[in-house]
Amino acid sequence: MGKTKRINIRAFVSISLFVLLIILFITGIGILAIDVEEMVDPEPYLEFLHIIKDIHTVAGFLFIGLSIIHLVKNWKVLKGYMKK
């Protein structure tokens, strides 16, 4: 039986933060791009806009939570940077 690899939490959190940042960027642009006030018939876009806003909100909360974990896991490294 082979050894099972343990997941590196610091790497997982860093990669997740990067992916969430891309999601937040894309959904933020999408929210700004869909201007329902200027549309003649905005009805078809309202459900899509609602979904985009929900994804943006969930990704934002995940980003905040993972940012806190990132700070905790990298606290020693950050303290080392501050001492220099």
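Hydrophobic clustering (ILVMFWY, side-chain heavy atoms < 4.5 Å, transitive): Phe12 and Phe63 are in one cluster. Residues Ile69 and Phe18 fall into different hydrophobic clusters, defined by Ile, Leu, Val, Met, Phe, Trp and Tyr side chains chained together at heavy-atom separations under 4.5 Å. By the rule that hydrophobic residues join a cluster once side-chain heavy atoms approach within less than 4.5 Å of another member, Val19 and Phe25 end up as members of separate clusters. Taken together through direct or relayed side-chain contacts under 4.5 Å among Ile, Leu, Val, Met, Phe, Trp and Tyr, Val13 and Val72 form parts of separate hydrophobic clusters.
If you take CD1 on Ile64 and CG on Leu20, they are separated by 11.0 Å, rounding to the nearest 0.5 Å. Atom CG of Leu62 and atom CG of Leu17 lie 10.0 Å apart (nearest 0.5 Å). If you take CG on Leu24 and CD1 on Ile31, they are separated by 9.0 Å, rounding to the nearest 0.5 Å. With values rounded to the nearest 0.5 angstrom, Trp75 atom CH2 is found 4.5 Å from Met82 atom CE. Here the CG atom belonging to Leu21 is positioned 10.0 Å from the CD1 atom belonging to Ile26, to the nearest 0.5 angstrom. Rounded to the nearest 0.5 Å, atoms CG (Leu66) and CZ (Phe61) are 13.5 Å apart.
Using a 4.5 Å heavy-atom threshold, the side chains of Lys73 and Ile9 count as touching. Using a 4.5 Å cut-off on side-chain heavy atoms (C-beta onward), Ile51 and Ile55 make contact.
When all heavy atoms are compared, the tightest approach of His56 to Gly28 is ND1-N, 3.6 Å.
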